[in-house]
Protein chains: 2
Amino acid sequence: MSQDAHPPAPARRRDSAATRAAILKAARETFTQRGYDGAGLREIANAAGADTRLIGRYFGSKEGLFAEVVDLAYEKSMMMTPEHNAEAARTLLTGEGGAQADGLLLTLRSASNPRAAAIMRDSIERNYQRRLADALPGTDTTGRSAVLIAICAGVLLNRLLLGHTALNGPDTERLIPYLHAALDAVAKVPQSAGGEK
Amino acid sequence: MSQDAHPPAPARRRDSAATRAAILKAARETFTQRGYDGAGLREIANAAGADTRLIGRYFGSKEGLFAEVVDLAYEKSMMMTPEHNAEAARTLLTGEGGAQADGLLLTLRSASNPRAAAIMRDSIERNYQRRLADALPGTDTTGRSAVLIAICAGVLLNRLLLGHTALNGPDTERLIPYLHAALDAVAKVPQSAGGEK
DNA sequence: ACCGTATGTCGACAGCTGTGGACATGCAAG
DNA sequence: CTTGCATGTCCACAGCTGTCGACATACGGT
């Protein structure tokens with residue numbers, strides 16, 4: 001790492017930390033938009049105003065860069081606890097996919113690559129899912145949080161990636177109660193242990 | 001293996017219909033396994049025992065071949081009506097992803113490509129979703145079927161593509177009731193119109 | 001038996017990919 | 001100033017991709 005002196009910090013024209021951050025930001029945007037395979041290192045470097053070779057220098061490889069991006073993208077993600085499910089359902093069906101959905105969007109577009117999938121699985125289980133499981137009531141919060149994440153990912157996939165017509169019309173709001181109920185069915189503690197009619 | 005014409009049937013060594021079918025089968029398997037971008041035409045042709053150039057001859061382009069594969073893959077897909085949701089939840093969480101899930105699997109691995117996504121959206125809305133919407137009770141079956149498809153796609157994504165640990169253990173069966181309830185929440189007609197208890 | 005044509009085969013093209021080596025440059029320390 | 005190293009830049013490599021033109025062959029109708 002760079003040994004930036006604590007007191008002075010004289011705005012150097014050659015700032016490795018700044019270029020590293022610029023690359024990371026550009027990589028996050030490009031990966032989220034094009035997916036792991038679809039994003040080229042030259043495209044990322046160009047968007048960051050940096051040289052392609054610097055990516056290899058600072059992040060080792062494309063996978064290394066991707067891993068850092070994934071961890072970053074899942075820092076702030078939507079919660080699907082009973083008290084947040086109304087908002088989550090609305091965001092999933094009508095939201096533009098801001099920072100709360102960036103992680104899932106990145107995952108959807110990169111899931112086809114096995115290496116990228118392994119990286120994302122690790123990050124999700126280590127960060128996002130753990131956070132969600134801790135906020136969930138009841139038992140088996142780990143498994144239920146996985147199902148909740150899956151549902152959200154599926155909705156985003158159909159709406160934003162596939163552009164499903166039924167999920168992109170101006171009256172998509174009418175589906176919010178259904179999705180809300182589906183999320184609650186997993187997030188809330190079961191009312192009756194066995195089953196229902 | 002060669003299809004005979006009605007009267008004579010001279011087992012021709014050069015059978016365009018047979019090679020076309022072989023290419024289509026190999027393409028379906030390869031696309032389902034590697035996704036649209038990940039599957040190469042040379043790989044498909046090699047798996048079919050045919051020459052790469054024949055793909056261009058019979059299907060025009062990679063997109064043309066993919067379109068036929070997608071229509072084929074969505075011919076037989078799982079249903080998520082109230083009476084089938086128990087089986088659907090079990091298949092989604094523990095099944096190996098047979099013919100019932102081939103379409104969704106193909107979609108998940110190819111969704112990152114915008115052109116492929118458009119082809120799949122068209123096929124889904126025209127075949128799968130229409131069939132599911134017709135089988136659903138209640139109102140707004142189109143929108144609800146879209147949500148159901150999204151949920152299933154999300155579960156398959158997390159379990160098979162990402163290899164989510166919580167969805168791949170030997171005791172994944174314990175999550176079936178939760179997923180079943182989530183599917184029912186969308187597939188069944190709402191018990192109370194406005195709200196819930 | 002012959003020939004037209006459908007069928008299959010070979011090679012080539014331009015374009016892209018991730019990665020690496022070799023070189024130029026600016027900044028800071030002595 | 002000079003010197004050393006971190007930082008940035010350029011070019012090249014091998015490998016892959018989808019598409020296409022030109023050629024060889026075998027089959028079906030005559």
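Throughout, protein chains are lettered first and strands after them, A, B, ... in sequence-line order, and every chain is numbered starting at 1. None of the values given here were measured: they were computed from a predicted structure.
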Spacing between [X] atom [atom1] and [N] atom [atom2], to the nearest angstrom:
| X | N | atom1 | atom2 | value |
| --- | --- | --- | --- | --- |
| A/Glu43 | C/dT17 | CD | P | 8 Å |
| B/Ile55 | C/dG8 | CD1 | C1' | 13 Å |
| A/Leu65 | C/dG18 | CG | P | 11 Å |
| B/Ile44 | D/dT19 | CD1 | P | 11 Å |
| B/Asn46 | C/dT9 | CG | C1' | 14 Å |
| A/Asn113 | C/dT17 | CG | P | 15 Å |
| B/Arg115 | D/dT19 | CZ | P | 10 Å |
| A/Leu54 | C/dG18 | CG | P | 16 Å |

Quiz item: How are the rings of A/Phe66 and A/Phe31 set to each other: parallel, tilted or perpendicular (split at 30° and 60°)?
Solution: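 Perpendicular, since the angle between the ring planes exceeds 60°.
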
Practice problem: Looking at every strand, decide which applies to B/Gly56 at a 4.0 Å heavy-atom threshold: base, sugar-phosphate, or nothing. | Solution: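 Nothing, no nucleic acid heavy atom in range.
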
Practice problem: Indicate, with a heavy-atom threshold strictly under 4.0 Å, whether A/Ala39 touches base, sugar-phosphate, or nothing. | Solution: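 The answer is sugar-phosphate, as A/Ala39 gets under 4.0 Å only of primed atoms, P, OP1 or OP2.
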
Give, for atom [atom1] of [X] and atom [atom2] of [Y], the distance between the pair rounded to the nearest 0.5 Å.
| X | Y | atom1 | atom2 | value |
| --- | --- | --- | --- | --- |
| B/Asn113 | A/Arg34 | CG | CZ | 11.5 Å |
| B/Asp102 | B/Gln100 | CG | CD | 10.0 Å |
| A/Thr172 | A/Leu179 | OG1 | CG | 11.5 Å |
| B/Ser16 | B/Arg57 | OG | CZ | 10.5 Å |

Atom pairs under 3.5 Å: protein N/O with N/O of nucleotides 23-25 of chain C:
unit_1: C/dT25; atom_1: O2; unit_2: A/Arg14; atom_2: NH1; d: 2.8
unit_1: C/dT25; atom_1: O2; unit_2: A/Arg14; atom_2: NH2; d: 2.8

Quiz item: Does A/Arg131 have any side-chain hydrogen bond (donor to acceptor under 3.5 Å, both in side chains) partners at least two apart in sequence or in another chain, and if so, which?
Solution: none

Self-check item: Partner of A/Glu68 under salt bridge (charged side-chain N to carboxylate O under 4.0 Å, His left out), chosen from A/Arg20, A/Lys62, A/Arg28
Solution: A/Arg20

Practice problem: Side-chain contact test, heavy atoms from C-beta onward, threshold under 4.5 Å: evaluate it for B/Glu87 versus B/Met79 and give yes or no. | Solution: no

Quiz item: In residues 27-38 of chain A, which ones come under 4.0 Å of DNA chain D, going by heavy atoms?
Solution: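 Residues of residues 27-38 of chain A under 4.0 Å from DNA chain D: none.
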
Quiz item: Are a donor atom and an acceptor atom from the side chains of A/Asp184 and A/His180 found within less than 3.5 Å of each other?
Solution: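 Checked: A/Asp184/A/His180 side chains pair up, N/O donor to acceptor below 3.5 Å.
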
Practice problem: Can you run down the ring-ring contact (aromatic ring centres under 6.0 Å, His included) pairs that involve residues 90-133 of chain A, sequence neighbours left out, and say none if there aren't any? | Solution: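 Residue pairs with at least one partner in residues 90-133 of chain A: A/Tyr74-A/Tyr128.
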
Quiz item: Which pairs with one or both residues in residues 76-113 of chain B pass ring-ring contact (aromatic ring centres under 6.0 Å, His included), sequence neighbours excluded?
Solution: none

Self-check item: More than 12 heavy atoms of other groups within 6.0 Å of B/Arg130 CZ
Solution: no

Quiz item: What's the closest nucleotide to the A/Tyr58 side chain, out of D/dG18, D/dG8, C/dG18?
Solution: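 Selected nucleotide: D/dG8.
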
Practice problem: May I ask you to verify if any side-chain N or O of A/Ser16 is less than 4.0 angstrom from the OP1 or OP2 atom of D/dT7? | Solution: yes

Practice problem: Take nucleotides 10-16 of chain C nucleotide by nucleotide from the 5' end and write B, S or -, depending on whether a protein heavy atom sits under 4.0 Å from the base, only from the sugar-phosphate, or from neither. | Solution: B-B----

